[in-house]
Student: 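First, the structure itself, so that you have it in front of you.
Keep in mind that what you see is a predicted model, and the values were worked out from it rather than measured. Because only heavy atoms are used, hydrogens play no part in the values below, and waters and symmetry mates are left out as well, while side chains stay in. Residue numbering restarts at 1 for every chain, and letters A, B, ... go by the order of the sequence lines.
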Amino acid sequence: MYIYDSVQKIKREFIPMIKGRVSLYVCGPTVYDDAHLGHAKSALVFDLLTRVLRANSLDVTYARNITDIDDKIIKKASQQNKDIKEITDFYTDAFDKEMKAIGVNKPDIEPKATKSLDAIYELIQKLIDTNHAYKTNEGDVYFDTSSDSEYLSLSHRVQDEDDKQQRVESSQSKKNSADFALWKSVKDESLTFDSPFGKGRPGWHLECSAMIEKHLASKGTPFAIDIHGGGADLLFPHHENEAAQTRCATDHKLSNYWMHNGFVNIDGEKMSKSLGNSFFLKDALKEYDGEVLRFYLLSTHYRSNFNFNSDDLVLAKKRLDKIYRLKKRLFGLAKNTEKTEFKDQLLKVLSDDINISSALALIEEMISKTNETLDTAGKHKLLKKEAISNLDYIEEILGFGVKNAFEYFQFGVDEQKKQKIDELITLRNEAKKEKNFELSDKLRDEILSFGVSIMDTAQGTFWEKV
RNA sequence: GGUGCCAUCGCCAAGUGGUAAGGCCGCAGCCUGCAAAGCUGCUAUCCCCAGUUCAAAUCUGGGUGGCACCUCCA
């Protein structure tokens, strides 16, 4: 297994700290709004990573947090005149449902900030005790970035030249402009907690460090966890700050490997709410099968920036269709887990920093080869068995082809239409039997007007939504 | 302004020192009553310039053009 480490900026062989075991932590959503395509991309990337690690016989513990303490949540709650918890529960549930729709497995642990306050207090206290954090007159607690000689080593940033000046001009009581809040003193709002540092809320960066210590960190190892992941935008300042907190408060560094997935843009523009519908995953799911979205969002390398547009999405669907057509062709055959060369090769390329393009090329070559043999030697039992085993593996490791093939091709067609189409097909087949091709072609035109295509096969006539 | 990333066929997209994967689209053919699906065949020397090397899309330098981060952000 090889992983590109975005801190060292090289591809490194992945060697877990504890043989055979992997701890993976990914920054999850702040539950104040619907998930957008970027959330989906990140969740998909690390879902795939987890599957690949497991396929390599590694025992993975995957944690993805839910940030349920945040100013944006409070703002939303007051705007809608609702309880904080009502908001966070609503968006957490929605997130779960949407993730499921795109085939993202649930992480092993989903820690919430509100349930991790003990760890949060403990970490802040440690940072104060070791002089890495200080309290201000306003009651805030800040991390002292100047106390950490390795600060900015993660994101490779250079200290801002204007730092001194900013400090002078700033009315804040921060020691350095780069210092960030571990604890924000708040007295007059709905979501506050009584901590040893007074009433207030924890800083966002701190949550992750604390939750990792509480839920995932190994003791006595040089790093708390093996892999830390998230969107590329989190490298600075979020991950930089997380790393600083952990290294200063504990006897280990935060993570051995860092992985950052690229951005999702829409039609060449950065995502923003003003661009409308396609921004939210829930809206995309109304128009497209969740698995098509999964395939599309995963179809380019995870580190590249992704340009979401409907033309490419259609292209992705056509590729996924090929998997399903083969599945349809082999419908009804028993599952099996036979070893095949294809499976070895697939795992090999995916284990190379998730080379999805090579994986898809292998899959498409396998499909072509299988179809070709099926065309010329349709009754080849060994080949069919092997093909089934290959398809099962693609389902397991990539989550492609998990549905019933017939249902997949009929996505978004209601029962009434389905019935009508079936009736027309029956009529057409009767006409065909009587060699009344004029009528059968007329019936086909009628069927096509439902926005479907039909195909006559030895097993009967099937239709697919176009 | 600072830091970093990217530039491969009409489109999407791998490959990062050994002579350009795969998909879409297109064209020709097989199959089909005709189609659809499937199959076969055909289509690029890798933004520009210079250099290193027996050998470069792949390394170095310069240029041009995109983009991201530097404030909350997946």
Side-chain angles (χ1 to χ4, degrees), chain A residues 6 9 11 26-30 32-33 35-46 64 67 70-72 75 152 155-162 178 180 204 229-238 240 260-265 268-272 281 296-297 299-307 309 311-322 325-326 328-329 349 352 355-376 378 409 431-432 435-438 440-441 444-445 447-448 452-457 461-464 466:
Chain A
S6 42
K9 299 187 182 187
K11 203 189 276 184
V26 175
C27 294
T30 300
Y32 73 101
D33 204 351
H36 58 230
L37 295 167
H39 291 110
K41 171 85 181 176
S42 175
L44 284 165
V45 164
F46 292 103
R64 185 186 60 210
T67 297
D70 189 276
D71 289 352
K72 291 191 282 284
K75 193 176 162 197
L152 299 181
S155 57
H156 309 291
R157 256 154 229 281
V158 285
Q159 197 72 45
D160 196 337
E161 293 285 328
D162 303 329
F180 52 92
W204 173 50
D233 53 331
L234 295 181
L235 180 56
F236 185 85
H238 186 53
E240 185 72 58
H260 292 93
N261 64 274
F263 259 63
V264 177
N265 296 323
E269 289 185 72
K270 189 176 170 172
M271 269 201 292
S272 74
L281 179 55
Y296 177 42
L297 286 167
S299 65
T300 66
H301 191 85
Y302 76 92
R303 273 188 279 121
S304 309
N305 282 159
F306 190 93
N307 185 30
N309 67 82
D311 288 349
D312 291 345
L313 193 139
V314 168
L315 194 154
K317 183 187 178 303
K318 286 184 180 180
R319 298 183 82 170
L320 181 59
D321 286 352
K322 291 157 81 84
R325 290 218 181 87
L326 180 60
K328 203 159 71 167
R329 215 171 165 180
V349 298
D352 181 14
N355 190 334
I356 191 72
S357 287
S358 292
L360 293 179
L362 280 172
I363 289 171
E364 278 151 359
E365 277 163 7
M366 184 277 287
I367 291 173
S368 284
K369 223 162 89 185
T370 306
N371 274 324
E372 185 193 356
T373 319
L374 249 30
D375 281 351
T376 52
F409 282 116
K432 274 179 63 179
K435 300 216 186 294
N436 185 349
F437 296 123
E438 202 179 319
S440 73
D441 285 353
R444 179 170 58 199
D445 286 345
I447 294 166
L448 262 38
V452 302
S453 67
I454 62 172
M455 42 205 68
D456 298 322
T457 76
T461 301
F462 300 110
W463 62 271
E464 294 179 0
V466 178

Student: Using the P atom in both, what is the distance from B:G1 to B:C59, to the nearest Å?
Tutor: 27 Å
Student: So, does A:Asn305 get its side chain near the phosphate of B:A68, meaning an N or O under 4.0 Å from OP1 or OP2?
Tutor: no
Student: I'd like the P distance from B:C24 over to B:C31, given in whole Å.
Tutor: 22 Å
Student: Figure out the CD/P separation between A:Glu365 and B:G23, and round it to whole Å.
Tutor: 7 Å
Student: Can a side chain N or O of A:Asn355 be found less than 4.0 Å away from OP1 or OP2 on B:G15?
Tutor: yes
Student: Write down the distance separating the P atoms in B:C27 and B:U52, rounded off to the nearest Å.
Tutor: 47 Å
Student: May I have the distance from A:Phe263 (atom CZ) to B:A74 (atom P), rounded to whole angstrom?
Tutor: 9 Å
Student: Give a yes/no answer on whether the side chain of A:Thr457 brings an N or O atom under 4.0 Å of OP1 or OP2 in B:G38.
Tutor: no
Student: With rounding to the nearest 0.5 Å, note down the distance linking CG in A:Leu448 to CH2 in A:Trp463.
Tutor: 12.0 Å
Student: Looking at A:Ser304, does any N or O in its side chain come under 4.0 Å of the phosphate oxygens OP1/OP2 on B:A14?
Tutor: yes
Student: Just checking A:Gly38: base, sugar-phosphate only, or nothing, at a heavy-atom cut-off of under 4.0 Å?
Tutor: base
Student: Is A:Asp352 paired with A:Lys11 through a side-chain N to carboxylate O contact shorter than 4.0 Å?
Tutor: yes
Student: A:Asp312 has an atom CG; how far is it from atom P of B:G22, in whole Å?
Tutor: 20 Å
Student: Tell which nucleotide pairs with B:C9, taking only Watson-Crick or G-U wobble pairs whose two distances are both under 3.5 angstrom.
Tutor: none
Student: If you assign A:Asp352 and A:Arg157 each to the RNA chain B nucleotide with the nearest heavy atom, which residue ends up on the more 5' nucleotide?
Tutor: A:Asp352
Student: Give A:Lys318 one of three labels, base, sugar-phosphate or nothing, depending on what nucleic acid heavy atoms sit under 4.0 Å from its own.
Tutor: sugar-phosphate
Student: Go through B:A37, B:G38, B:A74 for me and flag the one nearest to the A:Met455 side chain.
Tutor: B:A37
Student: Hey, does A:His238 reach any base, or is it just sugar-phosphate, or nothing, if we go heavy atoms under 4.0 Å?
Tutor: nothing
Student: Would you call A:Lys322-A:Glu364 a salt bridge at under 4.0 Å N-O?
Tutor: no
Student: Searching all strands shown, indicate the nucleotide that pairs with B:A21 (Watson-Crick or G-U wobble; both distances under 3.5 Å).
Tutor: none
Student: Could you give the distance separating B:U64 and B:A50 at their C1' atoms, to the nearest angstrom?
Tutor: 15 Å
Student: Within less than 4.0 Å of OP1 or OP2 of B:G22, is there a side-chain N or O belonging to A:Lys322?
Tutor: no
Student: Against the six-membered ring of A:Phe46, is A:Arg64 placed for a cation-pi contact (under 6.0 Å from the centre, within 45° of the normal)?
Tutor: no
Student: Using atom C1' of each nucleotide, how far apart are B:C54 and B:G61 to the nearest Å?
Tutor: 23 Å
Student: Starting at CZ of A:Arg303 and ending at C1' of B:A14, how long is that distance when rounded to a whole Å?
Tutor: 13 Å
Student: Taking atom P in both B:U32 and B:A20, compute the distance separating them and give it to the nearest angstrom.
Tutor: 38 Å
Student: One thing to verify: whether A:Lys432 and A:Asp456 come together as a salt bridge, which I'm taking to mean a side-chain N less than 4.0 angstrom from a carboxylate O.
Tutor: yes
Student: Applying a 4.0 Å non-hydrogen cut-off, can you work out what A:Arg325 is touching in the nucleic acid: base, sugar-phosphate, or nothing?
Tutor: sugar-phosphate
Student: With rounding to the closest Å, how many angstrom separate the C1' atoms on B:G4 and B:U45?
Tutor: 29 Å
Student: So what does A:Phe462 touch, heavy atoms closer than 4.0 Å: a base, only the sugar-phosphate, or nothing?
Tutor: nothing
Student: Taking pairing as Watson-Crick or G-U wobble with both contacts under 3.5 Å, can you name the mate of B:C67, or confirm there isn't one?
Tutor: B:G4
Student: Please report the interatomic distance CG(A:Leu297) to CG(A:Leu37), rounded to the nearest 0.5 Å.
Tutor: 6.0 Å
Student: Spell out, as yes or no, whether a donor-acceptor pair under 3.5 Å connects the side chain of A:His238 to the backbone of A:Leu235.
Tutor: no
Student: Is A:His36 side chain donor-acceptor paired with the B:A74 base, going by distance under 3.5 Å alone?
Tutor: yes
Student: Under a 4.0 Å threshold between the charged nitrogen and the carboxylate oxygen, would A:Lys317 count as salt-bridged to A:Asp321?
Tutor: yes
Student: Quick one: does any side-chain atom of A:Thr376 pair with a main-chain N or O of A:Glu372 as donor and acceptor, under 3.5 Å?
Tutor: yes
Student: Would you mind classifying the nucleic acid contact of A:Val349 as base, sugar-phosphate or nothing, using non-hydrogen atoms under 4.0 angstrom?
Tutor: nothing
Student: Distance check, rounded to the nearest 0.5 Å: A:His301 atom NE2 versus A:Ser304 atom OG?
Tutor: 6.0 Å
Student: When you compare B:G22 with B:U8, how far apart are their C1' atoms, in angstrom units rounded to a whole number?
Tutor: 14 Å
Student: Whole Å only: how far is the NE2 atom of A:His301 from the C1' atom of B:A7?
Tutor: 17 Å
Student: Counting only Watson-Crick pairs (N1-N3 plus N6-O4 or O6-N4) and G-U wobbles (N1-O2, O6-N3), all under 3.5 Å, who is the partner of B:G29?
Tutor: B:C39
Student: Heavy atoms under 4.0 Å, any strand shown: does A:Ser299 hit a base, just sugar-phosphate, or nothing?
Tutor: nothing
Student: In whole angstrom, what separates A:Lys369's NZ from B:U40's P?
Tutor: 12 Å
Student: Rounded to whole Å, please give me the gap between NE2 in A:His260 and C1' in B:G4.
Tutor: 13 Å
Student: I want to confirm an ordering. Mapping A:His39 and A:Ser357 to their closest nucleotides on RNA chain B, which one lands closer to the 5' end?
Tutor: A:Ser357
Student: Report, one pair per line, the protein and nucleotides 30-34 of chain B atoms (nitrogen or oxygen only) whose separation is under 3.5 Å.
Tutor:
unit_1	atom_1	unit_2	atom_2	d
B:G33	N1	A:Asp441	OD1	3.0
B:G33	N2	A:Asp441	OD1	3.4
B:G33	N2	A:Asp441	OD2	2.6
B:C34	O2	A:Arg444	NH1	3.3
B:C34	O2	A:Arg444	NH2	2.3
B:C34	N3	A:Arg444	NH1	2.9
B:C34	N4	A:Asp456	OD2	3.4

Student: Is B:G61 paired to anything, Watson-Crick or G-U wobble with both distances less than 3.5 Å, and if yes, which nucleotide?
Tutor: B:C49
Student: Regarding A:Ile454, tell me which of base, sugar-phosphate or nothing describes its non-hydrogen contacts under 4.0 Å with the strands shown.
Tutor: base
Student: From C-beta outward on A:Thr30, which listed nucleotide comes closest to its side chain: B:A74, B:C12, B:G38?
Tutor: B:A74
Student: Assess whether a salt bridge exists between A:Arg157 and A:Glu240, defined as any Lys/Arg side-chain N lying under 4.0 Å from an Asp/Glu carboxylate O.
Tutor: no
Student: Can you tell me if A:Lys11 touches the phosphate of B:U16, counting only side-chain N or O atoms and a distance under 4.0 Å to OP1 or OP2?
Tutor: no
Student: To the nearest Å, give me how far apart CD1 (A:Ile356) and C1' (B:A21) are.
Tutor: 14 Å
